[in-house]
Amino acid sequence: MDFVSHAERASALVNAPLETSAALREHVADRAWLHPRITERDAPALARFQRRLRPVFDHADAGLPTESVGTLNSLLHTHRITPMIVAADGDRWQLHVADRAASVADLLVAESLMGLSVLVCDHGPDRLGVCAADGCANTYIDLSPNRSRRYCSERCASRANVAAYRARRRTRERG
């Protein structure tokens with residue numbers, strides 16, 4: 001199991017508009033095997049989970065690691081996760097979230113919590129962030145070597161850089 005990818009999926013889950021089953025299918029477009037299992041209850045359940053998961057990123061971004069981890073622990077307590085060791089390539093074994101989840105929502109919640117928990121334990125909660133671009137509140141996972149990521153995407157980084165450049169240019173023209 002690639003826990004980093006599950007942590008990144010957790011961030012994408014927080015950012016996703018999940019009002020309907022169709023929106024959920026779009027969110028898991030790369031996982032077609034989940035589509036037949038999606039029910040009308042999954043999207044609302046995930047929307048509730050999004051609201052509870054968001055503070056994990058907000059606290060981490062605000063430099064409040066204890067609060068971030070506390071919120072994550074609370075979610076782990078609420079959503080019981082069943083890890084399972086499965087055979088991988090040859091003699092290798094991998095840890096997976098058991099696919100005995102009652103619903104697609106349960107599976108995505110379990111993967112999100114497992115991925116974020118391993119990431120926080122291995123790299124620290126300061127690897128979780130909220131986009132610094134004006135008008136954007138998307139979350140992200142910072143895997144940069146020097147923990148320097150500030151934006152959720154290249155698009156937001158570029159917009160912020162252009163805005164800063166224009167502000168500097170206006171200041172120079174006035175002064």
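The side-chain heavy atoms of Ser117 and Leu76, taken from C-beta on, include a pair separated by under 4.5 Å. Using a 4.5 Å heavy-atom cutoff, the side chains of Pro83 and His96 are not in contact. At a threshold of 4.5 Å between non-hydrogen side-chain atoms, the residues Arg9 and Leu13 do not count as touching. Under the 4.5 Å side-chain criterion, counting only non-hydrogen atoms from C-beta, Ser112 is in contact with Phe49. In this structure, the side chains of Phe57 and Leu116 come closer than 4.5 Å at one or more pairs of heavy atoms. Counting only heavy atoms from C-beta outward, the side chains of His35 and Val28 approach each other to under 4.5 Å. Side-chain contact between Leu108 and Leu24 is present, with at least one heavy-atom pair separated by less than 4.5 Å. In this structure, the side chains of Thr20 and Arg25 stay at 4.5 Å or more apart for every pair of heavy atoms.
The side-chain hydrogen bond (donor to acceptor under 3.5 Å, both in side chains) pairs that include a residue from residues 154-172 number zero, where partners must be two or more places apart or lie in different chains.
By the criterion of side-chain heavy atoms lying less than 4.5 angstrom apart, applied directly or through intervening Ile, Leu, Val, Met, Phe, Trp or Tyr residues, Ile141 is grouped together with Met114 in one hydrophobic cluster. Hydrophobic clustering places Leu72 together with Val130 (ILVMFWY residues linked when any side-chain heavy atoms are closer than 4.5 Å, directly or through intermediates). Val120 and Tyr140 are assigned to two separate hydrophobic clusters, defined by single-linkage of ILVMFWY side chains at heavy-atom distances under 4.5 Å.
A donor-acceptor contact shorter than 3.5 Å links the side chain of Gln50 to the backbone of Ala16. For the pair Arg127 (side chain) and Ser144 (backbone), a donor-acceptor distance under 3.5 Å is present. Looking at Ser68, its side chain does come within 3.5 Å of a backbone N or O of Val56 through a donor-acceptor pair. For the pair Ser103 (side chain) and Asp42 (backbone), a donor-acceptor distance under 3.5 Å is absent.
The 12-atom threshold is exceeded at CZ of Arg54, counting heavy atoms of other residues, nucleotides or ligands nearer than 6.0 Å. Shown here is Asp30, whose CG atom has more than 12 heavy atoms of other residues, nucleotides or ligands within 6.0 Å. Open room surrounds CG on Asp91; 12 or fewer heavy atoms of other groups in view lie less than 6.0 Å from it.
Taking OG1 of Thr71 as the start and CG of Leu53 as the end, the distance is 9.5 Å to the nearest 0.5 Å. Here the straight-line distance linking atom CD1 of Ile85 with atom CD of Gln94 works out to 11.0 Å at 0.5 Å rounding.
Salt bridge Asp106/Arg41: absent, no basic N to carboxylate O contact under 4.0 Å.
Not a single side chain to side chain donor-acceptor pair (under 3.5 Å) links Asn138 to another residue, sequence neighbours left out. By the side chain to side chain contact (heavy atoms under 4.5 Å, CB included) test, Glu67 pairs with His59, Leu64, sequence neighbours left out.
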